[in-house]
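The structure appears right after this line, and notes come after that.
Keep in mind that the numbers below use all heavy atoms, side chains included, and drop hydrogens, waters and symmetry copies. The chains referred to below are lettered A, B, ... by the order of the sequence lines, with proteins before strands, and numbering in each begins at 1.
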Amino acid sequence: MTIRIYNTMSGQKEAFEPLEPGRVHMYVCGITAYDFCHVGHARSAIVFDVIYRYLQYRGFEVVCVRNFTDVDDKIIKRGQEEGANPQAIAEQYIEAFYEDMDQLGVVRPDYEPRATQFIQEMIELIEILIEKGYAYQVDGDVYFAVEKFSGYGKLSKRKLDDMIAGARVAVEAGKRHPMDFALWKASKPGEPAWPSPWGEGRPGWHIECSAMSSKYLGSTFDIHGGGKDLIFPHHENEIAQSEAAFGKSFARYWVHNGFVNVNQEKMSKSLGNFFTIREVYERYQPEVLRLFLLSSHYRSPVDFSPESMAEAERGLERFYHTIEQVSELVGGLPRAEQLPTSKDPEFNSLREKIDTILTRFQDDMDDDFNTAAALGQLFDLSRALNRFQDNRPGKPTPEEKKLLAQGGLRLRECAKVLGLLERSPEEFFREHRRMSLEMLDIDQEAVEGLIAERAQARKEKNWARADEIRNKLAEMSIVVEDKPEGTRWRVKTPSE
RNA sequence: GGCGGCAUGGCCAAGUGGCUAAGGCAACGGUCUGCAAAACCGUUAUUCCCCGGUUCGAAUCCGGGUGCCGCCUCCA
């Protein structure tokens, strides 16, 4: 079975064959560091994090590059507004980006270059483009001449004529064609500037990705990714620059993630309907956001809402509950072993589920990284594990324990590829409780006092009193669970 | 105006030519429980926006319609 990837260039799923067998070179467009990241950025990061993890899981040696744009109009503007140096602004938001991403469990790519570290390479690239007649200089600016590149529009499926027809295109003096874009911009006083053959200036946005990708991955590489909104003009322009300069085809598979919506509309700065990642962390654990975002296919839009986040939270509780139960029963999860055998049909039914989970998971993931379907397989296994334990009220036999342990282990093995269930259940539930109590402003000791009081009442079989306390706790959004070994409690979040 | 995407049960969401249309959430009934909760079992789409067509056979392909969204300016 091979991996199939939807390629924006062809508009179809294609069998994935890297340029060099066993090795994958991928480049992902990162952020422009001028503000805190929102849920849309989180989606992109998570989608490509999962692709990165999965390709490694499938045995590829992956070299992944994700850039930071640390020089650009928005950063400069922000600097002016705050009276700060643009470089400091970029630094500050790159730092914030790492804080957000680390919590989300996004693995760091192999290389994370910043545009300003590659000024010389960009200048060299622009010189090649001028030499080859693809670019021209006007005063201190250099533009790419889109008409010279015959393939312009092949990724976004547009024709130059159509583009100018409907849209208002910035009329900039000196451009030969309205769609020509800047490779180099002359800097105004007070703006960041680097010396160049065309005078003091700074690079245009698109050129950095062409320069950095070729530097780390070669002029032709396997996967290029980013949000759907980058297809035009950013990726179209990258193709034009790179293919014009190197005379070789650029990225082989173009992967684009869909948007995060709010009430069916794209989450964006301009609409003001965005939630920063750190705002989300005030109410939910980062892992909840991750599960939510992976519950839909990466190319589909997802609607961000309290309801869907609550749903993801319940889903996580379910998974961790299963792992907790299994761990308690078998005493931690040991190493991977062969699955034990038995003649018992129930045993074999679970054994079958466990035996096939890895291939079922892989089949779904191979099909264009279908995380939603893959998660379905994991929920299915989770339920099977719960069922088996539920139907064995007595002590499990050593063989049964072994089977359950392997089931728990494999559940985690698959989840890990999605960046999920990497913590202990205790940690998850503790954190869940802590956040809920804080949000509802409930005192933990008060709750525990009432629980103890109720335990006493129950001991005396004073059910009326016990229920009275339980009702009181319920009003505080506390749900109790009486277990043979004692009473547990959890906080019911308002959205539940 | 140009280009592209989406429409599946109460909600979320897989499935893109053929076994009983995954899975999650919610609801209801049951098992368990002092009663609950959690967990488990069962029930909830003869049907996949509408109308035509192709086919032995379509949610899946083609044509038309309706609705929603995105890109064409910075954007993950």
Once you round it to whole Å, what is the distance between C1' of B:rG23 and CG of A:Leu411? 14 Å
Choose from B:rC72, B:rG70, B:rG23 the nucleotide whose nearest atom is closest to any side-chain atom of A:Glu265. B:rG70
State plainly whether the residues A:Asp363 and A:Arg360 are in salt-bridge range, i.e. N to O under 4.0 Å. no
For this output row, return yes or no: ring centroids of A:Tyr6 and A:Tyr253 closer than 6.0 angstrom. no
Decide, yes or no, whether a salt bridge links A:Glu147 with A:Arg176 under the criterion of side-chain N to carboxylate O below 4.0 Å. no
Taking B:rC50 as the reference, what is the distance to B:rU66 when you measure between their P atoms (whole Å, please)? 15 Å
Is A:Glu313 salt-bridged to A:Arg490, going by a charged N under 4.0 Å from an acidic O? no
Salt bridge or not between A:Glu431 and A:Arg434? Use side-chain N to carboxylate O under 4.0 Å. yes
Tell me, for nucleotides 5-11 of chain B in 5' to 3' order, what letter each nucleotide earns: B for a base near a protein heavy atom under 4.0 Å, S for only sugar-phosphate near one, - for neither? -------
Rounded to whole angstrom, note down the P distance from B:rU43 over to B:rA21. 14 Å
Nucleotides 27-39 of chain B: protein proximity per nucleotide (B base, S sugar-phosphate only, - neither; heavy atom, under 4.0 Å): -------BBBBSB
Counting C-beta onward and ignoring hydrogens, is there a side-chain heavy-atom pair between A:Ile31 and A:Cys37 closer than 4.5 Å? yes
Using the six-membered ring wherever Trp is involved, compare the ring planes of A:Phe181 and A:His206 and label them parallel, tilted or perpendicular (cut-offs 30° and 60°). perpendicular
Hey, does the side chain of A:Asn370 come within less than 4.0 Å of B:rG15's phosphate (OP1/OP2), counting only N and O? yes
Range-with-range stems for RNA chain B, at least three Watson-Crick or G-U pairs under 3.5 Å: B:1-7 with B:66-72, B:10-12 with B:23-25, B:27-31 with B:39-43, B:49-53 with B:61-65
Once you round it to whole Å, what is the distance between P of B:rC71 and NE2 of A:His235? 15 Å
For A:Arg318, what residues pass the side-chain hydrogen bond (donor to acceptor under 3.5 Å, both in side chains) criterion, not counting sequence neighbours? none
Over how many whole Å does the gap from A:Leu329 atom CG to B:rC40 atom C1' extend? 15 Å
Just the rounded figure in Å: distance from P of B:rA13 to CD of A:Gln377. 19 Å
Residue pairs meeting salt bridge (Lys or Arg N to Asp or Glu O under 4.0 Å), one or both in residues 27-43 of chain A, sequence neighbours left out, come to A:Asp35-A:Arg78, A:Asp35-A:Lys269
Using a cut-off of 4.0 Å on non-hydrogen atoms, how would the nucleic acid contact of A:Phe48 be classed: base, sugar-phosphate, or nothing? nothing
Pair A:Phe36 and A:Tyr93, ring centroids less than 6.0 Å apart: yes
Whichever of A:His38 and A:Phe379 has the more 5' nearest nucleotide on RNA chain B, that residue is A:Phe379
Could you state the CG-P distance from A:Asn257 to B:rG70, rounded to the nearest angstrom? 16 Å
Look up atom NE2 in A:His234 and atom CG in A:Leu155, then write down how far apart they are to the nearest 0.5 Å. 11.5 Å
If you look at every strand shown and take non-hydrogen atoms under 4.0 Å, does A:Val260 touch a base, only sugar-phosphate, or nothing? base
When you compare B:rA39 with B:rC48, how far apart are their P atoms, in angstrom units rounded to a whole number? 33 Å
Could you pick out which residue, A:Lys74 or A:Gln264, lies toward the 5' side of RNA chain B when each is mapped onto its nearest nucleotide? A:Gln264
Nearest-angstrom distance from the residue atom NE2 of A:His297 to P of B:rG23: 20 Å
Do the side-chain N and O atoms of A:Asp368 and A:His297 include a donor-acceptor pair separated by under 3.5 angstrom? yes
Gap between atoms CG and P, on A:Leu418 and B:rG23 respectively (whole Å): 18 Å
Sugar-phosphate only, base, or nothing, as touched by A:Gly225 at under 4.0 Å among non-hydrogen atoms: nothing
Remember a base hit wins even if backbone is also touched, and classify A:Gly40 as base, sugar-phosphate or nothing at under 4.0 Å, heavy atoms. base
Gap between atoms CG and C1', on A:Leu293 and B:rG24 respectively (whole Å): 16 Å
Taking the six-membered ring of A:Trp463, is NZ or CZ of A:Arg470 closer than 6.0 Å to its centre and within 45° of its axis? no
Looking at every strand, decide which applies to A:Ser268 at a 4.0 Å heavy-atom threshold: base, sugar-phosphate, or nothing. nothing
Please give the distance between the P atoms of B:rC49 and B:rC28 as a whole number of Å. 29 Å
Ignoring backbone atoms, establish whether A:Ser300 has a side-chain N or O less than 4.0 Å from OP1 or OP2 of B:rA14. yes
When you compare B:rC32 with B:rG15, how far apart are their C1' atoms, in angstrom units rounded to a whole number? 36 Å
Would you indicate what A:His234 reaches in the nucleic acid, counting non-hydrogen atoms under 4.0 angstrom: base, sugar-phosphate, or nothing? nothing
Counterpart residues, ring pair (Phe, Tyr, Trp, His ring centres under 6.0 Å), relative to A:Phe319 (two or more places apart): A:Phe379
Is A:Ser308 touching bases, backbone alone, or none of the nucleic acid, heavy atoms closer than 4.0 Å? nothing
Closest listed nucleotide, where the reference is the side chain of A:Lys157 and the choices are B:rG70, B:rC3, B:rA13: B:rC3
